[in-house]
Structure formats: C-alpha cells, structure tokens
Amino acid sequence: AQSVSQHNHHVILSEAASLELGCNYSYGGTVNLFWYVQYPGQHLQLLLKYFSGDPLVKGIKGFEAEFIKSKFSFNLRKPSVQWSDTAEYFCAVKPNSGYSTLTFGKGTMLLVSP
Amino acid sequence: GAGVSQSPSNKVTEKGKDVELRCDPISGHTALYWYRQRLGQGLEFLIYFQGNSAPDKSGLPSDRFSAERTGESVSTLTIQRTQQEDSAVYLCASSVTPGATALEQYFGPGTRLTVT
C-alpha cells in the first residue's frame with residue numbers, strides 16, 4: 001500500500017518569503033500526485049496535480065510542484081507567499097493502476113504573517 | 001454548478017447514540033468517497049461507491065460504520081453506538097469516474113462530529 005509523508009506539520013512565514021513544502025511518497029509503481037489546499041472555513045480544493053509529462057506542474061495562485069521520481073518526491077513551491085496563502089496543504093498520491101484510492105499526507109499548516 | 005454538499009455541518013451527540021451523515025454529490029458524478037479527518041491527522045479513506053454499489057469498504061474502521069447510496073446520488077454514512085474516538089470531520093467527495101487517472105475528487109465542506 002502507498003503512503004505519503006509531509007515533512008512539516010506547521011510552517012510560519014512572513015509575506016514575500018519563499019515557500020517549499022516537502023512531500024514524499026512510497027509506492028513502487030506509476031503514480032498520480034496531487035496537492036490540495038484547505039483555506040480557513042472552506043472546502044478542500046485541488047491546487048495542482050501531476051499525472052504524466054513535464055514533471056514541473058503549475059497550479060492556481062502561483063503555486064508549482066516538481067515531481068522527482070528518483071526521490072519519490074512532489075514538493076510544493078511558491079516564490080513569494082501572501083497572507084491569503086494561510087491554509088492547510090495536503091499532498092496525496094494515487095497509484096496509476098485502474099481503481100485505487102487517494103492516500104493523503106497528514107497536512108502542513110501554513111501561517112503567513114503580514 | 002452546485003458543488004458537493006453535506007449535512008449537518010456540525011453534529012454533537014452523546015456517546016452510544018447513532019448518527020447519520022448525509023452527502024449530496026455533484027450531479028452526474030458516479031463515484032463517491034467518504035473520508036474521515038481526525039484532529040492533527042490526514043484524511044483517512046473510509047468507503048468508495050461506484051453508482052449504488054460499494055466495491056471498496058476497506059477503510060471502514062469497525063462494523064459500527066456503514067454507508068449506503070441510493071439513486072446514484074445521495075449517500076448516508078451511519079455510525080452506530082458512537083464512541084468518543086469517532087469525533088472527527090467526515091468529508092465526502094465525488095468524481096466523474098471512479099479512480100480514473102488523475103481525475104479530480106471534489107470535496108464537500110464536511111460534517112464535524114463531536115461525541116461527548
């Protein structure tokens with residue numbers, strides 16, 4: 001079975017700082033990878049996803065993530081965070097083999113101070 | 001269009017009582033998923049529906065948990081004889097087809113269950 005590890009449970013940054021949230025997964029085969037975000041009081045929503053092709057994927061609100069297969073990683077980045085990026089971020093993996101469930105990491109709570 | 005809706009948004013119940021949580025998926029989405037999110041934890045998969053059948057119940061934590069789906073739309077998650085460890089946010093998601101490659105799951109707002 002697959003698993004996902006997110007390195008930081010809490011991250012505190014000042015506005016304009018750069019962000020990188022770590023995500024590693026364990027699974028021997030081909031995977032689809034996702035970052036979901038949950039803003040305070042809102043639903044979980046998809047930030048970006050990778051399923052094939054260019055390992056550098058761009059999502060909404062200036063976020064991007066890079067799939068490094070050799071490292072089993074899918075780290076989320078943003079060059080300059082804003083206060084409105086304060087949210088909880090979840091990495092998720094799904095084996096690319098017919099039906100399979102999404103497995104989520106435990107989440108990283110990002111607090112951006114103005 | 002309308003997203004996934006869940007009701008109630010909050011539920012406080014006494015230990016030992018039964019509760020029912022409801023999910024209305026996006027119209028036309030054949031796949032429906034239930035997850036549980038306990039404080040400080042990631043999302044735990046509970047059960048998946050394809051249409052009205054549930055080919056994957058592997059995440060249900062005990063036989064006190066059950067779910068059904070009718071008319072390929074509404075689903076209810078029932079927890080019998082609730083325990084304090086059942087306190088969590090219960091999330092429902094739906095997608096166009098089940099587990100298809102990279103297709104997005106759309107999440108509802110969740111039901112926050114507190115067992116006292």
Side-chain angles (χ1 to χ4, degrees), chain A residues 1-10 21 23-25 29-55 57 59-60 65 67 74 87-109, chain B residues 1-7 9-10 23-26 29-51 53-60 67 88-112:
Chain A
Q2 64 274 20
S3 66
V4 178
S5 173
Q6 291 184 240
H7 310 309
N8 307 98
H9 294 299
H10 292 90
L21 300 183
C23 172
N24 285 89
Y25 69 92
T30 308
V31 293
N32 305 136
L33 295 155
F34 306 79
W35 276 96
Y36 279 83
V37 60
Q38 189 168 27
Y39 297 102
Q42 295 189 25
H43 305 188
L44 264 175
Q45 57 184 283
L46 185 68
L47 198 55
L48 49 76
K49 64 186 179 186
Y50 169 83
F51 54 96
S52 67
D54 189 345
V57 292
I60 59 172
F67 171 47
F74 190 56
E88 191 157 19
Y89 294 81
F90 294 91
C91 182
V93 63
K94 190 187 87 62
N96 186 13
S97 56
Y99 163 72
S100 54
T101 60
L102 269 178
T103 299
F104 285 83
K106 291 187 177 182
T108 297
M109 184 66 217
Chain B
V4 177
S5 62
Q6 292 185 246
S7 61
S9 54
N10 280 284
C23 171
D24 281 272
I26 293 172
H29 281 195
T30 59
L32 186 148
Y33 311 81
W34 282 98
Y35 295 87
R36 176 171 71 174
Q37 185 179 19
R38 288 193 273 196
L39 191 63
Q41 303 295 312
L43 277 72
E44 296 174 69
F45 167 77
L46 297 178
I47 187 170
Y48 145 68
F49 285 92
Q50 166 53 22
S53 65
D56 189 349
K57 304 179 184 180
S58 62
L60 293 178
V89 176
Y90 289 82
L91 290 165
C92 176
S94 69
S95 67
V96 175
T97 56
T101 301
L103 283 184
E104 179 179 354
Q105 291 184 20
Y106 293 81
F107 284 82
T111 293
R112 182 175 298 279

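Below, read A as the first sequence line, B as the second, and so on, with proteins coming before strands; counting in each chain starts at 1.
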Please look at Gln6(A) and chain B and tell me whether the side chain, the backbone, both or neither of the residue comes under 4.5 angstrom of a heavy atom of that chain.
-> neither

Please report the closest heavy-atom contact between Ala87(A) and Met109(A), naming both atoms and the distance.
-> O-CE, 3.5 Å

Shortest non-hydrogen contact between Tyr106(B) and Val4(B), atoms and distance | O-CG2, 3.3 Å

Looking at Arg38(B) and Glu44(B), does any basic side-chain N land under 4.0 Å from a carboxylate oxygen?
-> yes

Please flag which part of Leu33(A) lies under 4.5 Å from any non-hydrogen atom of chain B: side chain, backbone, both or neither.
-> neither

Side chain from CB out, backbone as N, CA, C, O: work out which of these in Tyr35(B) comes under 4.5 Å of a heavy atom of chain A, or both, or neither.
-> side chain

Output yes when a side-chain donor or acceptor of Gln50(B) lies under 3.5 Å from a complementary backbone atom of Ala54(B), and no otherwise.
-> no

